[in-house]
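Treat the numbers as computed from the prediction; the structure is a model and nothing was measured. Only this structure's heavy atoms are used, side chains among them; waters, hydrogens and symmetry mates stay out. Just so we're on the same page: letters track the sequence lines, and every chain starts at 1.
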Protein chains: 2
Amino acid sequence: MAAEPPRDGADAIQDAWRRELPGVPVESIGVVTRIWWAAKVFGDERRRLLANLGVDVATLDLLSTLRRSGPPYRMSPGELAGACMVTRGAITQRVERAVRAGLVERTTVGSGYHARAVFLTDAGNALLDRVVADLLVAEDRLVGHLSPERRDQLADLLRELLAGLGGPSLTGQVGD
Amino acid sequence: MAAEPPRDGADAIQDAWRRELPGVPVESIGVVTRIWWAAKVFGDERRRLLANLGVDVATLDLLSTLRRSGPPYRMSPGELAGACMVTRGAITQRVERAVRAGLVERTTVGSGYHARAVFLTDAGNALLDRVVADLLVAEDRLVGHLSPERRDQLADLLRELLAGLGGPSLTGQVGD
DNA sequence: TAAACTGAGTTTAGACCTAAACTCAGGGGG
DNA sequence: CCCCCTGAGTTTAGGTCTAAACTCAGTTTA
């Protein structure tokens with residue numbers, strides 16, 4: 001007879017919908033709502049930290065994806081859209097901002113209307129060297145209250161969840 | 001000797017940072033990145049479904065929070081901000097849109113500059129009755145490939161994670 | 001009782017995203 | 001050789017959010 005874990009806000013939301021709309025299936029809330037909240041906490045924390053370091057989350061996502069891609073460290077806008085999980089239009093805007101900031105460059109073709117490849121400048125690489133380690137250390141602290149065993153259990157369950165979601169997998173991700 | 005789970009994109013990202021920035025702690029990625037991706041998949045799916053039903057995610061979040069709050073089904077903007085985990089400014093804008101759509105009303109005070117309480121109209125309640133059940137059924141299907149045992153394990157680990165994050169708890173949530 | 005304070009709500013500027021329309025470059029038919 | 005098609009990239013309109021400045025109502029204080 002293991003002790004029940006203390007109830008939290010997601011449990012309260014399940015109860016509230018059971019009360020307001022009897023008969024609807026509320027079981028997914030325990031997973032979906034908590035994932036939503038955790039993502040919000042991580043996202044807010046990351047935004048604050050990066051703001052202090054002078055970058056925004058979207059730009060760092062772009063630069064990180066290029067850096068992680070490995071040699072030759074160049075990606076087309078379409079590849080970036082797949083890896084970053086945003087629309088091509090969003091990539092156009094991210095690249096435009098990053099170019100203005102001197103963090104990436106584009107090679108174009110023909111009249112120059114279309115970008116062909118995007119790659120980091122020295123300044124972009126320097127920014128990554130300066131920021132990513134701090135970010136990973138901060139996030140390590142955020143999840144540090146979970147024992148390594150619990151953390152690995154959670155990671156494995158999330159991997160299983162994502163595999164079934166048909167969402168982001170190795171396809172379209174880093175490492176062409 | 002349990003079989004290793006198949007590698008996914010998050011594993012690849014861990015490897016890539018180990019290669020690019022040797023020495024940085026990459027263990028948090030297995031949890032943080034997968035939670036981020038899962039939230040993105042759930043969020044995109046919810047946005048698409050709700051767009052078909054003629055609502056947007058932010059408005060449904062507002063209406064749901066009011067409905068779940070129970071009697072007297074009224075909340076101040078500040079309470080709503082806490083429960084929805086967005087800034088008060090965002091609540092002002094959400095309420096303004098919902099008022100224009102006829103889904104909620106406001107009671108004001110004095111010159112009418114400040115809202116005091118926000119509550120659902122009949123149209124707002126009808127929209128919830130029409131939409132929430134469909135949404136929960138759809139999300140139940142999304143996580144349906146996990147066995148109930150795995151789902152509960154995942155929910156428990158996420159509850160533990162959130163408790164340690166000091167993030168959303170019972171405080172400021174539903175239930176007055 | 002009037003000035004200052006405090007806290008809740010609102011406004012605004014700026015960032016970011018999506019969806020849909022638009023624009024080229026390159027590759028077939030005719 | 002030219003027209004059209006297709007696909008990748010870009011533009012634009014519209015919506016959402018945050019952070020910081022601003023505005024009141026009610027309260028404290030002298």
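Counting heavy atoms from C-beta on, the side chains of A:L136 and B:I29 come closer than 4.5 Å. Considering only heavy atoms from C-beta on, B:V24 stays 4.5 Å or farther from A:V137 through its side chain. Between A:K40 and A:D44, some side-chain heavy-atom pair lies under the 4.5 Å cut-off. Counting heavy atoms from C-beta outward, B:L120 and B:L128 have side chains that approach closer than 4.5 Å.
Checking C:dG9, D:dG9, D:dA19 against every side-chain atom of B:P77, the shortest atom distance belongs to C:dG9. Set against C:dG9, C:dT10, C:dT18, the side chain of B:R106 has C:dT10 as its closest nucleotide.
Within a 6.0 Å radius of CZ in A:R116, no more than 12 heavy atoms belonging to other residues, nucleotides or ligands are found. Applying the 6.0 Å contact sphere to CH2 of A:W17 captures more than 12 heavy atoms from other residues, nucleotides or ligands. Within 6.0 Å of CG in B:D122 there are 12 or fewer heavy atoms belonging to other residues, nucleotides or ligands.
The two residues B:L142 and A:L165 come nearest to each other via the heavy atoms O-CD1, 3.3 Å.
Regarding contacts with the backbone of D:dT18, a side-chain N or O of B:T87 is found under 4.0 angstrom from either OP1 or OP2. Taking side-chain N and O atoms only, A:K40 has a distance below 4.0 Å to OP1 or OP2 of D:dT18.
Residue A:A58 is in sugar-phosphate contact alone, with no base atom involved, counting any heavy-atom pair closer than 4.0 Å across all strands shown. Using a 4.0 Å heavy-atom cutoff across all strands shown, A:G89 reaches at least one base atom of the nucleic acid.
Atom C1' of nucleotide D:dC24 and atom CZ of B:R116 are separated by 11 Å, given to the nearest angstrom. In this structure, A:L62 places its CG atom 11 Å from P of C:dC16, rounding to the nearest Å. Put simply, CZ on A:R88 is 13 Å from C1' on C:dA20, counting in whole angstrom units. For A:L60 and C:dA15, the CG to P distance is 17 Å, given to the nearest whole Å. Here the P atom of nucleotide C:dT18 and the CZ atom of B:R48 are 10 Å apart, to the nearest Å. Taking atom CD of A:E79 as the reference point, atom C1' of D:dG9 lies 13 Å away to the nearest angstrom. Note: CG (B:N52) to P (C:dA19) measures 11 Å, nearest angstrom.
For the pair B:T59 and A:A90, both in contact range of DNA chain D, the more 5′-proximal nearest nucleotide belongs to A:A90. Nearer to the 5' terminus of DNA chain D, by closest-nucleotide assignment, is the contact made by A:S76 (compared with the other of A:S76 and A:D44). Mapping B:R47 and A:D56 onto DNA chain C by nearest heavy atom places A:D56 closer to the 5' end of the strand.
Comment: A:R106 engages A:E96 in a salt bridge, judged by a side-chain N to carboxylate O separation of less than 4.0 angstrom.
Near DNA chain D, defined here as any heavy-atom distance below 4.0 Å, the residues from residues 91-103 of chain B are B:Q93, B:R94, B:R97, listed numerically.
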message: Pair B:R34, B:D11 - check salt bridge (charged side-chain N to carboxylate O under 4.0 Å, His left out), show working.
response: CA-CA 10 Å; B:R34 290 192 182 97; B:D11 294 315; 3.1 Å; yes
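Fit an axis to the five pairs at each end of the helix from C:dT1-D:dA30 to C:dG30-D:dC1 and the two axes sit 10° apart, to the nearest 10 degrees.
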